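This report refers to the structure that appears directly beneath it.
First listed ligand is number 1; within each ligand, the first listed atom is number 1. Here the structure is a predicted model, which is why all the values come from computation and not from measurement. The first residue in the sequence is number 1, and the count goes up from there.
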Amino acid sequence: MTLHQLLNEGTNSLLRAGAPEAQLDARRLLLEAFHLDTVHFLMNRMQALEQTKAAEAAIRHYRQMIKKRCSRIPLQHILGNQDFMGLTFKVNKHVLIPRQDTETLVELVLEEQKDRKKKVLDLCTGSGCIAVSLAVLGGYEDVTAVDLSLEALNVASENAGRLLDGERSIRFLAGDLFEPLNDEKFDIITANPPYIPTEVIKGLQPEVRDFEPVMALDGDKDGLGFYRRIAGEADKRLNPGGCIYLEIGHDQGEAVSSLLEEAGFKNVKIIKDAPGLDRVVRGEGGRHV
Ligand code: GLN
């Protein structure tokens with residue numbers, strides 16, 4: 001038995017189960033089971049595996065993980081993590097798995113907001129990927145993150161604890177959008193709220209539909225429910241010159257821009273993600289002093 005044979009075996013099982021990215025996922029799980037990096041896998045893949053207890057255990061573990069993936073459990077739930085902005089975030093069924101799309105939002109904030117003293121608020125924080133990346137990579141000293149789900153906040157605070165150096169922390173608050181904040185104001189508000197129209201959810205791929213938290217996806221009938229609520233209140237929550245950054249679905253640019261403009265935001269712009277789709281809307285607010 002060689003690693004190459006195991007890779008083919010796993011890839012074929014995944015293909016039969018209709019899982020996307022079959023070969024990539026099989027390889028990732030093989031590396032995980034054998035604690036290998038890509039270079040060592042490529043160097044050793046044609047050699048017969050030694051018949052040791054450790055190798056047998058690794059093969060068993062690999063086959064178990066392939067079986068889970070065949071039932072369309074997301075790769076990230078099997079591995080327990082997902083990389084985002086070069087950082088490794090713990091994930092589980094209580095949080096949306098960080099998407100590369102969301103890096104567009106983080107990169108935009110890092111580019112536009114260089115002052116580390118600015119107060120940041122991240123709504124619908126989930127795994128904490130936006131809040132933690134901003135604190136780690138942008139060095140913002142005052143970051144608050146809110147989520148309705150206590151289970152999500154547990155994951156987010158674990159990620160913050162692991163990824164931030166000892167002296168710094170993020171304030172995590174449980175509640176519905178701005179509700180746990182009293183009358184506090186911020187300089188930067190970020191959010192990747194649920195934005196999938198309710199009816200669309202049942203047509204999503206099984207990995208998302210059956211395993212990711214519906215409360216992180218469901219944006220109400222037209223997908224815009226959270227943007228309406230956020231736009232309605234955000235301006236009052238911003239200091240003069242404050243900015244809001246919202247992740248959006250690829251077809252929501254016009255609608256979300258209009259919501260922000262109607263709420264009095266200026267310089268509202270739509271920013272595209274790496275594949276060229278509308279992904280972020282940003283606007284400047286903070287008129288209410
Ligand atoms: N981008 C996610 C998806 O396509 C949805 C994220 C969200 O609703 N905020 O599954």
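When N192, T104, T102, D273 are each tested for a side-chain hydrogen bond (donor to acceptor under 3.5 Å, both in side chains) with R279, only one passes: D273.
Between the side chains of Y245 and E112, a donor-acceptor pair is found at a separation under 3.5 Å. With no hydrogens or angles considered, a side-chain donor-acceptor pair links D122 and T190 at under 3.5 Å.
Using a non-hydrogen distance threshold of 4.0 Å, G249 does not register as a contact of ligand 1.
Within ligand 1, the atoms closer than 4.0 Å to a non-hydrogen atom of L96 are 6 (C), numbered from 1 in the order shown. For ligand 1, the atoms sitting less than 4.0 Å from at least one non-hydrogen atom of N192 are 7 (C), 9 (N), numbered in the order shown with element in parentheses. Taking a cut-off of under 4.0 Å to the non-hydrogen atoms of A216, the atoms of ligand 1 that pass are 7 (C), 8 (O), 9 (N). Atoms of ligand 1 found under 4.0 Å from any heavy atom of P193, numbered from 1 in the order shown, are 7 (C), 8 (O), 9 (N).
The nearest heavy-atom contact from the protein to atom 10 (O) of ligand 1 is R99 NH2, 2.9 Å. Of the protein's non-hydrogen atoms, the one nearest atom 8 (O) of ligand 1 is Y195 N, 3.0 Å. Residue, atom and distance of the protein heavy atom nearest to atom 4 (O) of ligand 1 are I196 CD1, 4.2 Å.
No salt bridge links E233 with R229; every basic N to acidic carboxylate O contact stays at or beyond 4.0 Å.
The proximity of L204 to ligand 1, defined as any non-hydrogen pair under 4.0 Å, does not occur for either the backbone or the side chain.
In this pair, H77 and F211 present their aromatic rings perpendicular. The plane angle is above 60°, beyond the 30 to 60° band.
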